[in-house]
Asks: 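Please see the structure below; I have some questions.
FYI, side chains are in, hydrogens and waters are out, and symmetry mates aren't considered; it's all heavy atoms of this structure. Order of the sequence lines fixes the chain letters, A, B, ..., with proteins taken first and strands second; residue numbering starts at 1 for each chain. Computed from a prediction, not measured in an experiment: that's the story for all the values here.
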Number of protein chains: 2
Amino acid sequence: MTGKGRAPADGARRRPAVTLDALVRAGLVVLERDGLDALSMRSVAAELGVRAPSLYWHVRDKEELLDLLADGLLGIGVPALPPVRGDWRVELRDLAWAFRSFLNRRRDSVRVLMGRFPSGPGMAAVMEHQLAMLDRAGFGRQDAAYITYGLSTLVTGFVYGEQRPISAAVVAGVPVREAVTAIGDTIAAFPADTYPHLVATARELTGPHIDERFEFILERFLDGLAVLPRNPKRDGGGTTAAEDV
Amino acid sequence: MTGKGRAPADGARRRPAVTLDALVRAGLVVLERDGLDALSMRSVAAELGVRAPSLYWHVRDKEELLDLLADGLLGIGVPALPPVRGDWRVELRDLAWAFRSFLNRRRDSVRVLMGRFPSGPGMAAVMEHQLAMLDRAGFGRQDAAYITYGLSTLVTGFVYGEQRPISAAVVAGVPVREAVTAIGDTIAAFPADTYPHLVATARELTGPHIDERFEFILERFLDGLAVLPRNPKRDGGGTTAAEDV
DNA sequence: AGACAACAACTAACACTGTTAGGGAGCGAC
DNA sequence: GTCGCTCCCTAACAGTGTTAGTTGTTGTCT
């Protein structure tokens, strides 16, 4: 640093108690320890030993803070990226599972990430990793862009939906399994003459096979990618259309 | 005279002024007119000519009200369901586009629906429609359940992500198109030596081709469904495994 | 007719929330 | 010194979801 001239003389002039970096780190601590609902300007400020209005010097909004936290979360997830293997399909699958697992492990991360398009180093690292892999597999630039976006949408959306009934059950003190089957009971109790297919599918719709459900949706998407035309580059990826079902 | 309290005269004041149905209808009115951020217990109560705490007689939570609103939204969308055509793929595609269009037209509906699994008549109608179609096409029960869930996750997640930058731009008074390309500029400005693929894909990642992006993701998923085994039932839908790519 | 329970609204209040206005220390530069 | 900048402070506002306790109305049973 020690920027010259135009930079607003930021050379260790008065060590600020709150830097943008410390702010993000404190926010992540609060998020992980107390959850998103307890993450207020005041609680994050308290984590820094400071009062709430001070944060507005570093950040315009709570929204902006959340945007930064979203990117910070991605930055945390980056070291957990699965190592590079040979097959693009295996890699993409591993990546999706790893992402889902991360979202489920890191408290409320999915609620912060949902609908946000972070534009910091965290997002850059994840995207670069993924785009490089897809390029290596021979996907075109536009396709690769769509694929990364689609995959992140898919996983994020899935985990978001997967976590809501769970947290609701936890709040009510009901075991998750019973809460889920309770929804099934509700559906099964619908009038079978007007909703025959729905009632017949009640169990399949609400079954606790959450991993299988994720697997199904993901594999269908990957199947769709497999029939996409690719440039025959180095490392074609090995698999053709459908290998497992 | 001696007006009975502040009762507005000739109405059946003590008749149930608030029914659960009226509550939901009022909530939908407020949601459409003022948006989700302005939908508070007080504002919905005001819409009914009533004070906020009264709502707690009919509803445990704001959460429960939102659950009801979610189902109400689906109920509104039901008449807009596309008519039945022959090919399951065409039907599923039409349905996804119609759902996306509905979510984009009906204010903040995606924020209400996201992550919620409504359990009322609105959800029942949508599900029945979809499950019947999939059954007619020969998909198994479990597959059909996964497909409906996956499709709704996909569309909802996509629209959620699609609407956030738009609303942010609207708030800031910036045209949407410029706001989106601004993100592209940010990404393009990343160090190209550490993030070569990312920088090279900046335009493709943030291009305003939002419809094409949706189409790509959806069609990939449908491609994945096309290679799924199906029972040869009545009305196979005309297509076998893979017809168009 | 009178009593009683039920329903369904009310007022008042609590503990929070995000956010703004304005004040004032500590510092570098003139 | 006196600017002026940075960065945190106190005070306050308008609004939130939600609970407690109260009051009035209605239908039913005696």
Side-chain angles (χ1 to χ4, degrees), chain A residues 1-24 26-27 30-31 34-69 108 111-112 167-168 171-172, chain B residues 2-24 26-27 30-31 34-69 108 111-112 168 171-172:
Chain A
M1 298 313 168
T2 71
K4 58 157 236 69
R6 209 176 69 82
D10 78 330
R13 171 204 202 99
R14 165 162 126 82
R15 285 150 305 256
V18 179
T19 64
L20 199 69
D21 212 69
L23 177 51
V24 171
V30 172
L31 184 67
D34 308 322
L36 180 60
D37 292 333
L39 190 149
S40 64
M41 291 290 135
R42 285 171 172 84
S43 65
V44 174
E47 182 68 24
L48 288 163
V50 140
R51 307 292 225 240
S54 306
L55 305 190
Y56 288 85
W57 180 258
H58 306 269
V59 140
R60 190 185 334 115
D61 266 320
K62 188 186 185 184
E63 263 302 297
E64 189 175 317
L65 173 57
L66 288 175
D67 285 345
L68 294 172
L69 291 184
D108 283 338
R111 291 173 62 193
V112 175
S167 65
V171 167
Chain B
T2 85
K4 18 191 69 188
R6 57 199 75 252
D10 59 315
R13 181 82 177 84
R14 276 304 161 185
R15 270 276 166 268
V18 179
T19 64
L20 199 68
D21 212 68
L23 177 50
V24 172
V30 173
L31 184 67
D34 308 322
L36 181 60
D37 292 333
L39 190 149
S40 65
M41 290 291 134
R42 286 171 173 83
S43 65
V44 174
E47 182 68 24
L48 289 163
V50 140
R51 305 294 225 250
S54 306
L55 305 190
Y56 287 85
W57 180 259
H58 307 269
V59 140
R60 190 185 334 112
D61 265 322
K62 187 186 185 183
E63 263 302 298
E64 190 175 316
L65 172 58
L66 288 175
D67 285 345
L68 293 173
L69 291 184
D108 283 338
R111 291 174 63 193
V112 175
V171 167

Asks: For a quick test of reading the model, state the closest non-hydrogen atom pair linking B:Glu47 to B:Ala26 and the distance between them.
Replies: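 Minimum heavy-atom separation between B:Glu47 and B:Ala26: CG-CB, 3.7 Å.
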
Asks: Would you say A:Val59 and A:Leu20 make side-chain contact, with heavy atoms under 4.5 Å?
Replies: yes

Asks: Ignoring the backbone of A:Arg51, work out which of D:dT18, D:dC9, C:dT19 is nearest its side chain.
Replies: D:dC9

Asks: Check each residue of residues 57-68 of chain B for a non-hydrogen atom within less than 4.0 Å of any atom in DNA chain C, then write out the ones that pass by number, or none.
Replies: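 Within this stretch, B:Trp57, B:His58 sit under 4.0 Å of the strand.
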
Asks: Quickly work out the B:Met41 CE to D:dT19 C1' distance and round it to whole Å.
Replies: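 Distance check: B:Met41 CE to D:dT19 C1' gives 14 Å.
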
Asks: Do the non-hydrogen side-chain atoms of B:Asp34 and B:Leu39 ever get within less than 4.5 Å of each other?
Replies: no

Asks: Would you call B:Arg111-B:Asp37 a salt bridge at under 4.0 Å N-O?
Replies: yes

Asks: Would a distance-only check, ignoring hydrogens and angles, find a side-chain to backbone donor-acceptor pair under 3.5 Å from B:His58 to B:Val18?
Replies: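 Flag set: sc B:His58 to bb B:Val18 pair under 3.5 Å.
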
Asks: Could you tell me the separation between the CG atom of B:Leu20 and the P atom of C:dC7, rounded to a whole number of Å?
Replies: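 Between P of C:dC7 and CG of B:Leu20: 15 Å.
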
Asks: If every non-hydrogen atom of A:Ala38 is compared with every non-hydrogen atom of A:Ser43, which pair is closest and at what distance?
Replies: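 Looking at all heavy atoms of both residues, the closest pair is O-OG, 2.9 Å.
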
Asks: What N/O pairs connect the protein and nucleotides 12-16 of chain C at under 3.5 Å? Give each pair on its own line.
Replies:
none

Asks: A:Leu55 versus A:Leu48: any side-chain heavy-atom pair under 4.5 Å?
Replies: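 Yes. Closest side-chain heavy atoms under 4.5 Å.
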
Asks: Less than 4.0 angstrom between a side-chain N/O of B:Ser54 and OP1 or OP2 of C:dC10, yes or no?
Replies: yes

Asks: Taking the side chain as every heavy atom from C-beta outward, state whether A:Leu66 and A:Leu69 have any atom pair closer than 4.5 Å.
Replies: yes

